[in-house]
> 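Before I ask anything, let me first share the structure, which is written out below as structure tokens.
Keep in mind that what you see is a predicted model, and the values were worked out from it rather than measured. Values reported hereafter were calculated over all heavy atoms of this structure, with side chains retained and with hydrogens, waters and symmetry mates removed. Chain A is the first sequence line, chain B the second, and so forth, proteins listed ahead of strands; every chain is numbered from 1.
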There are 2 protein chains.
Amino acid sequence: MKFFSEQPVTAADKTFIQLRQDIVEGEIPSGAKLSETELSTRYAVSRAIIREAINRLASCHIVERKANVGARVVSLSTDGLIELYQVRESLEGMAARLAAKNMTTSEIDDLNLLLNSHFDEVKGGESYYQEAGDVDFHYRIILGSKNKHLISMLVNGIYHLVRMYRVQLGMAGPRVTTAFDEHKHIVQAISNRDEELAEILMRRHIMYSKHNIEQNLAQSRERVK
Amino acid sequence: MKFFSEQPVTAADKTFIQLRQDIVEGEIPSGAKLSETELSTRYAVSRAIIREAINRLASCHIVERKANVGARVVSLSTDGLIELYQVRESLEGMAARLAAKNMTTSEIDDLNLLLNSHFDEVKGGESYYQEAGDVDFHYRIILGSKNKHLISMLVNGIYHLVRMYRVQLGMAGPRVTTAFDEHKHIVQAISNRDEELAEILMRRHIMYSKHNIEQNLAQSRERVK
DNA sequence: TATGGCTATATTGTCGACAATCTAATGTAA
DNA sequence: TTACATTAGATTGTCGACAATATAGCCATA
């Protein structure tokens with residue numbers, strides 16, 4: 001289910017989305033230099049289009065641009081990931097609080113339905129839940145906050161970076177059933193319109209996820225040795 | 001004292017900063033249409049430069065752009081201001097938490113010095129504190145978080161919008177001495193490395209400020225009647 | 001009179017060429 | 001050999017012109 005079917009209308013839109021995908025999926029590796037002329041031949045558009053796409057990527061913090069020098073894909077690091085999750089904790093915590101306040105009852109009903117379908121999947125051992133299901137759940141709450149800034153920052157900014165880390169550092173994480181329980185409690189708090197608790201639980205949920213990732217990274221570093 | 005002396009190097013940089021200032025200060029009124037050709041003559045640069053500037057303003061949420069239609073300056077509203085302060089509360093709360101963790105002792109000493117100089121000003125009845133002083137204080141804590149994303153979102157994004165509201169809705173607010181005490185307690189928590197308390201106090205500080213503004217707006221609406 | 005389609009005009013989107021700037025290679029002097 | 005200056009090459013920044021799209025006004029028709 002797609003919420004933000006960000007309709008690309010101009011060529012710059014399409015190139016931006018394509019380029020972002022290629023970076024997030026690692027086809028263009030992190031740390032790589034982005035040559036405008038090279039990309040313009042690669043994507044068969046003019047340099048102006050590429051420049052606009054790169055500018056947009058820069059405002060999502062997916063690339064870093066220096067004047068008269070050029071743009072590079074951000075390089076991933078443990079520190080960077082932690083910083084990202086600190087922002088997520090802060091913003092999504094507030095999103096959960098606002099969702100408890102602002103979501104309509106029918107939206108909350110839908111959320112419960114989603115949760116039930118996830119329960120069936122988890123019980124059935126499907127791995128679908130890990131990726132799309134989790135994102136789906138978080139998106140609903142973010143949109144439920146009804147706060148334009150919050151939504152834009154998370155959906156257009158943070159989440160693509162999170163996905164980039166997830167894909168490129170290969171963070172799958174078992175945590176499926178655990179996370180499901182956490183989701184359940186968050187929805188419960190939202191159903192009860194308990195803003196305080198919704199925020200606290202969401203923040204914990206993201207903190208746990210962060211710890212899990214840090215642990216995994218530490219382990220994979222061990223394995224390399 | 002300037003922290004982020006964002007050095008404009010290209011013509012697009014300069015035009016972006018100029019245009020942003022003209023919008024924030026209300027010279028270009030909120031809600032106005034931004035004609036590319038008109039602006040290009042006004043600022044004596046090519047349309048490409050203007051386009052880049054507008055794109056950057058769009059990613060700060062200062063203008064809204066629609067494909068094949070154009071860009072408009074955002075229109076200010078009470079709801080918009082409240083949404084903005086919700087994000088501020090969330091992000092600056094986290095900034096204070098991280099500042100308590102990550103600021104160096106010498107940075108904390110500087111912050112105490114700043115507070116003392118503010119105390120003298122408040123005692124002397126200077127109104128300086130309200131504007132620049134307050135911003136200065138908040139900036140130090142934001143930068144003290146050492147979190148790139150947090151810093152960029154607040155300094156490049158939120159704060160210009162906040163200033164736009166402040167200037168155009170003429171929000172001065174008395175709150176000087178009260179706010180000073182709040183600042184003092186926040187610094188105290190940071191000095192004690194009490195992350196939890198630093199976050200709570202900062203969030204309260206911003207909430208109070210929000211309530212104060214809402215009250216002022218309600219009053220000025222009464223006066224109009 | 002109201003509505004629906006068409007055209008004219010203005011505005012935005014895209015392009016290729018030129019100018020300004022950085023970077024790396026070469027050469028020179030201490 | 002090292003350090004610095006110079007220069008050639010490549011890359012980014014800027015521009016004006018053209019193409020594609022939307023808006024407003026006009027005319028025809030019910």
Side-chain angles (χ1 to χ4, degrees), chain A residues 5-23 27-75 152 156, chain B residues 5-23 27-75 152 156:
Chain A
S5 45
E6 47 179 2
Q7 280 295 43
V9 4
T10 72
D13 292 340
K14 289 168 200 153
T15 308
F16 163 63
I17 291 175
Q18 183 65 47
L19 187 54
R20 184 180 62 191
Q21 181 177 329
D22 290 347
I23 290 173
E27 194 157 324
I28 298 173
S30 78
K33 172 109 199 296
L34 293 178
S35 160
E36 294 182 359
T37 50
E38 186 194 322
L39 291 175
S40 82
T41 61
R42 172 168 178 172
Y43 293 100
V45 289
S46 77
R47 254 188 67 221
I49 304 288
I50 296 290
R51 274 179 73 78
E52 184 169 336
I54 289 179
N55 278 333
R56 289 200 217 171
L57 289 170
S59 58
C60 312
H61 301 270
I62 289 176
V63 311
E64 286 169 338
R65 146 163 271 169
K66 261 195 276 187
N68 287 314
V69 174
R72 309 193 79 88
V73 178
V74 291
S75 33
S152 168
N156 299 322
Chain B
S5 44
E6 48 179 2
Q7 277 297 43
V9 5
T10 73
D13 292 340
K14 288 167 199 155
T15 307
F16 163 63
I17 291 176
Q18 184 66 48
L19 187 55
R20 184 180 62 192
Q21 181 178 330
D22 290 347
I23 290 173
E27 194 157 323
I28 297 173
S30 79
K33 172 109 201 295
L34 292 179
S35 160
E36 294 183 358
T37 50
E38 187 194 321
L39 290 175
S40 83
T41 60
R42 172 169 177 169
Y43 292 101
V45 289
S46 79
R47 252 187 69 221
I49 303 287
I50 295 291
R51 275 180 72 79
E52 183 169 338
I54 289 179
N55 278 334
R56 289 201 218 171
L57 288 170
S59 59
C60 309
H61 302 267
I62 289 177
V63 311
E64 286 169 339
R65 144 164 274 169
K66 261 196 276 187
N68 287 315
V69 175
R72 308 193 79 88
V73 178
V74 292
S75 33
S152 168
N156 301 321

> C:dT14 P sits how many Å from A:Lys14 NZ, rounded?
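After rounding, the gap between these two atoms is 8 Å.
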> Rounded to whole Å, how long is the line connecting atom CG of B:Leu39 with atom P of C:dT12?
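The answer, rounded to whole Å, is 9 Å.
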> Would you indicate what B:Leu34 reaches in the nucleic acid, counting non-hydrogen atoms under 4.0 angstrom: base, sugar-phosphate, or nothing?
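B:Leu34: backbone/sugar contact only, no base atoms under 4.0 Å.
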> In whole angstroms, how far is the P atom of C:dG13 from the CG atom of B:Asn68?
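After rounding, the reported distance stands at 6 Å.
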> Can you tell which of C:dG13, C:dT11, D:dC15 lies closest to the side chain of B:Val45?
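So the nucleotide nearest the side chain must be D:dC15.
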> How many angstroms lie between OG in A:Ser46 and CZ in A:Arg51, if you round to the nearest 0.5 Å?
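It is 11.0 Å, given to the nearest 0.5 Å.
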> To the nearest Å, give me how far apart CZ (B:Arg72) and P (D:dT23) are.
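So the two atoms are 11 Å apart, to the nearest Å.
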> Could you walk me through whether B:Leu57 and B:Arg20 pass the side chain to side chain contact (heavy atoms under 4.5 Å, CB included) test, one step at a time?
CA-CA 7 Å; B:Leu57 288 170; B:Arg20 184 180 62 192; 3.7 Å; yes
> If you compare every side-chain N and O of B:Arg51 against the phosphate oxygens of C:dG13 (OP1, OP2), does one of them come in below 4.0 Å?
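Answer yes for this pair, as a side-chain N or O of B:Arg51 is under 4.0 Å from OP1 or OP2.
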> Look at the side chain of B:Ile49 and decide which nucleotide, out of C:dC15, D:dT14, C:dG13, has an atom nearest to it.
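The answer is D:dT14.
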> Between B:Arg72 (side chain only) and B:Gly31 (backbone N and O only), is there a donor and an acceptor less than 3.5 Å apart?
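A pair under 3.5 Å: yes.
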> Side-chain N or O of A:Arg65 less than 4.0 angstrom from OP1 or OP2 on D:dG13?
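Result: yes.
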> Tell me which of A:Ala48 and A:Val69 sits closer to the 5' end of DNA chain C, going by the nucleotide each one is nearest to.
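Result: A:Ala48.
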> So which one's nearest nucleotide on DNA chain C is more toward 5', A:Ala67 or A:Ala44?
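Result of the comparison: A:Ala44.
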> Here's a test for you: under side chain to side chain contact (heavy atoms under 4.5 Å, CB included), which of A:Ile54, A:Leu19, A:Asn55 qualifies with A:Val63?
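Of the listed options, the one satisfying the test is A:Ile54.
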> Which nucleotide sits closest to the side chain of A:Thr37: C:dT14, D:dT14, D:dT12?
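Of C:dT14, D:dT14, D:dT12, D:dT12 is nearest to the side chain of A:Thr37.
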> Touch check for B:Ile54, heavy atoms < 4.0 angstrom, all strands: base, sugar-phosphate only, or nothing?
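No contact.
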> Checking A:Thr37 against A:Thr41 for the side chain to side chain contact (heavy atoms under 4.5 Å, CB included) test, could you report, in this order, the C-alpha distance in whole Å, the side-chain angles of both residues, the deciding distance, and whether it holds?
CA-CA 6 Å; A:Thr37 50; A:Thr41 61; 5.9 Å; no
> For A:Lys66 and C:dT23, give me the distance from atom NZ to atom P, rounded to whole Å.
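After rounding, the gap between these two atoms is 8 Å.
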> Return the value, rounded to whole Å, for the distance between atom CD of B:Glu36 and atom P of C:dT11.
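To the nearest whole Å, that distance equals 11 Å.
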> Provide, to the nearest angstrom, the distance between the CG atom belonging to A:Asp13 and the C1' atom belonging to D:dA20.
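Distance, rounded to whole Å: 14 Å.
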> Could you tell me the separation between the CZ atom of B:Arg47 and the C1' atom of D:dC15, rounded to a whole number of Å?
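Roughly 11 Å, once rounded to whole Å.
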